[in-house]
Enquirer: 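Got a structure here, written out as structure tokens. Questions coming.
Worth saying up front: this structure is predicted, and the values here are computed from it rather than measured. Below, chain A is the first sequence line, B the second, and so on; all start at residue 1. As a basis for the values below, the full set of heavy atoms in this structure was taken, side chains included, without hydrogen atoms, waters or symmetry mates.
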Amino acid sequence: MILDKYLRSEVFPTPFCQGCGHGILMQAILRAVDESASDGIDIDKMAFVSGIGCAAWIPSPHFAADTLHTTHGRPIAFATGIKLVNPSLKVVVVSGDGDLSAIGGNHLIHSARRNLELTVICANNSIYGMTGGQVAPTTPCGIKTATTQQGSTEPPFDLCRLVWGAGATYIARSTVYHIRELIKYLKNAFLHQGFSFIDVISPCYTHFGRRNPQRAGATPSEMVLNLKNIAIHAKSPQELFTFPSVGTLSPPSGRTCNQKDRILIGEFTTI
Amino acid sequence: MKEYSITIRDDLCKGCAICVEICPKNILAMSPESTVSGYLLAQIIEVKKCIGCMECELHCPDLAIEVIDKNEKVPAG
Amino acid sequence: MKKFLQGNEACALGAIYAGCRFYAGYPITPSSEIMERMAVELPKVDGVFIQMEDEIASMGAVVGAAWAGAKAMTATSGPGLTLMLENIGYAIMTETPCVVVDIQRAGPSTGQATKPASGDIMQVRWGASGDYEIIALSPWSVTEMYEMTIQAFNLSETYRLPVFLMADEAVGHLRESAILSKDISVIPRSGKTDLPPFGNPQDNSVTPMPAFGQGRKLSVTGSTHDHWGYRKTQSPEVQAKSVSRFCNKILQHLGKICSYEKYFVSEDTEILVIAYGFTARSALKAVEVARQKSIKAGLIRLKTLWPFPYMLFHPECFGTSNISKIIVPEMNQGQIIREVQRVADRDVFSYNKSDGTVITALEIIEKIEQI
């Protein structure tokens with residue numbers, strides 16, 4: 001297979017659950033690396049840094065590259081040290097939404113502010129997967145989780161808006177269903193000279209889907225295919241600011257309500 | 001007309017059925033019997049209908065599928 | 001070279017001399033002068049300085065920098081150290097050489113930011129989760145702030161772990177004439193090797209620190225891992241072997257790592273004072289005065305706090321002496337004294353002070369006379 005040279009084949013099969021979107025994202029990242037070879041991207045000159053959680057296991061240990069599997073929420077801090085000491089390395093952070101936006105939220109906004117040349121890929125399954133399906137800052141309102149049995153009541157973060165506000169200079173969102181676009185965005189992020197952030201909607205059937213079959217899909221494959229129905233391509237980058245927040249149901253008064261679990265995808269900055 | 005071959009690695013497949021559902025030509029199906037590990041695996045039923053769109057390979061979370069252009073012996077797509 | 005300067009500045013100059021080329025930190029009194037001096041000095045030697053968003057990030061960046069090939073350090077005080085401990089634990093687990101300076105102030109919590117204390121001795125020893133050994137040094141002068149920073153880097157390179165420089169505020173902010181030697185040997189970052197990155201499978205000894213970008217495809221993780229860095233989160237054998245390496249790489253080299261100084265310790269010594277940091281300065285004066293008063297007192301000044309120099313109390317060097325009483329004066333409620341009590345078969349007396357002021361010679365003399 002074309003990706004074999006980028007993989008530590010001895011660690012396969014992956015530890016991911018049946019139908020986990022993170023495996024698709026794993027492919028997308030490596031295909032983007034492969035397709036960027038002509039642009040000077042070389043996996044031996046890359047460092048993949050991850051935090052804690054299922055998403056952190058995407059590069060570590062699957063990628064045959066330098067990988068740093070760090071502490072919960074902190075991968076961006078470690079990545080900052082690597083990049084500053086060896087700027088010739090392409091430093092890519094792959095971590096989950098809980099890791100990057102809850103416990104690691106401070107590092108996310110400050111690295112966006114610094115605009116250091118890092119690519120941060122958020123494998124966003126809108127839930128804490130590895131620890132058993134607890135509510136995350138990205139969980140849409142009304143979603144049942146292990147810690148919100150009646151449905152989440154807090155409005156979620158729109159991570160693209162968050163990093164835009166913090167100063168990120170390349171921002172995109174895609175889903176694992178839209179893998180060809182996702183690969184394109186990843187390649188653009190790798191070549192971007194500044195802080196790049198990609199929010200990748202990646203289903204977790206085991207914890208999110210099974211508790212919310214009506215909204216998310218009743219099977220792993222249905223969850224992935226459902227992304228096609230709920231994703232809306234942004235007509236312009238500015239739509240990021242006018243589109244109702246991701247999957248916000250029953251929000252506190254005064255907030256825009258997105259009743260239909262629509263996800264806005266696309267590039268929200270000009271390259 | 002191009003011909004393709006599809007290989008599915010049973011040691012990697014976890015039977016999520018994404019490939020089966022996503023194939024525009026319905027040329028994949030789940031195996032009727034489960035493996036020792038309890039999975040129903042994906043299998044190819046009508047490879048001749050394959051148009052080399054790569055949807056199955058690209059969406060396989062377990063990197064178990066490979067679509068090859070038979071004539072050129074290179075990856076499809 | 002003799003220079004009149006502050007302890008914190010001497011620390012920064014020692015770091016530069018030792019080859020430190022990366023500093024990440026967050027402002028905190030009474031350590032900030034180290035960061036400010038590093039911000040001035042690092043650009044002169046093509047090093048990198050960055051002020052991070054918090055201490056957690058600072059420690060993370062330091063570990064990242066070390067894996068990118070640089071000698072790296074950070075400095076903080078007690079409350080900042082508390083935040084750093086998360087990634088200090090990671091550095092211990094991934095055997096990452098780096099230096100952490102703790103200029104201790106009165107606590108707990110915010111406490112008194114400008115007042116000295118030795119309250120973090122146990123925090124550095126036990127603050128991270130799990131089982132491990134660490135190295136912590138305790139300077140008593142501006143000269144030692146310089147020298148021990150270099151030594152800290154050397155030890156971190158040799159044993160591949162974070163090494164702590166545990167000064168109290170009184171030493172960090174002390175201004176005195178100091179000798180900044182250019183003759184201290186520096187252990188360089190090890191070159192490229194084919195040995196496994198995490199311990200030699202043959203004898204479980206420390207292997208050279210590799211770096212990213214060398215084409216080695218390193219797998220580094222804070223999860224339990226084998227010699228090649230592959231996660232082994234279910235294996236009792238790998239877990240046991242890892243902890244064994246983290247502990248034994250220090251415990252098997254106590255003689256090489258531990259250092260201390262003896263003053264007026266001889267056959268006739270009856271009362272022994274064990275002190276460290278700024279307190280040892282007062283203790284030396286106290287012992288000198290006691291001797292003038294014909295009290296047979298002596299001082300052991302601990303330069304290494306961790307690993308604790310247990311061999312000091314080995315019968316061969318301690319058992320036959322006349323020492324009957326030991327005083328351990330500390331700017332805390334008794335931390336190192338616990339180690340002394342564990343091993344010293346003598347009456348051990350504490351003198352504790354946690355009021356944000358230093359322990360004076362007079363106070364120690366009174367204690368000596370009292371017992």
Enquirer: Relative to chain A, which segment of B/Ile65 carries a heavy atom at a distance below 4.5 Å: side chain, backbone, both, or neither?
Expert: backbone
Enquirer: Minimum heavy-atom separation for A/Ile24 and B/Leu58, please, with both atom names.
Expert: CG2-O, 3.5 Å
Enquirer: Counting heavy-atom pairs under 4.5 Å with chain A, which one of B/Cys13, B/Cys60, B/Cys19 comes out on top?
Expert: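 Answer, by heavy-atom pair count under 4.5 Å with chain A: B/Cys60.
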Enquirer: With a 4.5 angstrom heavy-atom cut-off, which part of B/Glu21 approaches chain A: side chain, backbone, both or neither?
Expert: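 Contact with chain A: backbone and side chain both.
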Enquirer: Quick one: does B/Lys14's side chain have a donor or acceptor within less than 3.5 Å of a partner on A/Cys20's backbone?
Expert: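 No; zero donor-acceptor contacts below 3.5 Å.
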Enquirer: Indicate the atoms forming the closest heavy-atom contact of B/Leu63 with A/Gln27, along with that distance.
Expert: CD1-CG, 3.4 Å
Enquirer: Can you tell which part of A/Leu30 gets under 4.5 Å to a heavy atom of chain B, answering side chain, backbone, both or neither?
Expert: neither
Enquirer: With a 4.5 angstrom heavy-atom cut-off, is it the side chain or the backbone of A/Val176 that approaches chain B, or both, or neither?
Expert: backbone
Enquirer: With a 4.5 angstrom heavy-atom cut-off, could you sort out which part of A/Tyr205 is near chain B: side chain, backbone, both or neither?
Expert: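 Looking at A/Tyr205, nothing touches chain B.
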Enquirer: Please classify the contact between A/Leu3 and chain B as side chain, backbone, both or neither, with a heavy-atom cut-off of under 4.5 Å.
Expert: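 For A/Leu3, the contact with chain B is made by the side chain alone.
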Enquirer: Just checking A/Lys187: does its NZ atom have more than 12 heavy atoms from other residues, nucleotides or ligands closer to it than 6.0 angstrom?
Expert: yes
Enquirer: Heavy-atom pairs under 4.5 Å with chain B are the metric here; pick the option from A/Ile179, A/Thr219, A/Leu225 that has the most.
Expert: A/Ile179
Enquirer: Which atom names give the shortest non-hydrogen contact between A/Ser221 and B/Cys16, and what distance separates them?
Expert: CB-O, 3.7 Å
Enquirer: Check this for me: B/Glu33, atom CD, are more than 12 non-hydrogen atoms of other residues, nucleotides or ligands nearer than 6.0 Å?
Expert: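 It does not: B/Glu33 CD has 12 such atoms or fewer within range.
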Enquirer: Provide the closest heavy-atom pair for A/Gln18 versus B/Tyr39 in the form atom of the first, atom of the second, distance.
Expert: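 What the structure gives for the nearest pair is NE2-CD2, 4.0 Å.
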Enquirer: Using the side chain to side chain contact (heavy atoms under 4.5 Å, CB included) rule, take A/Phe12 and B/Asp62 through it: C-alpha gap first, then chi angles, then the decisive distance, then the call.
Expert: CA-CA 9 Å; A/Phe12 280 76; B/Asp62 295 298; over 6 Å; no
Enquirer: For side chain to side chain contact (heavy atoms under 4.5 Å, CB included), just list the numbers for A/Met1 and B/Arg9, CA-CA rounded to whole Å, side-chain angles, deciding distance to a tenth of an Å, and then say yes or no.
Expert: CA-CA 11 Å; A/Met1 191 178 183; B/Arg9 281 183 57 180; over 6 Å; no
Enquirer: Could you tell me which portion of A/Met26 (side chain, backbone, both or neither) has an atom closer than 4.5 angstrom to a non-hydrogen atom of chain B?
Expert: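 Side chain of A/Met26 only, per the 4.5 Å heavy-atom cut-off to chain B.
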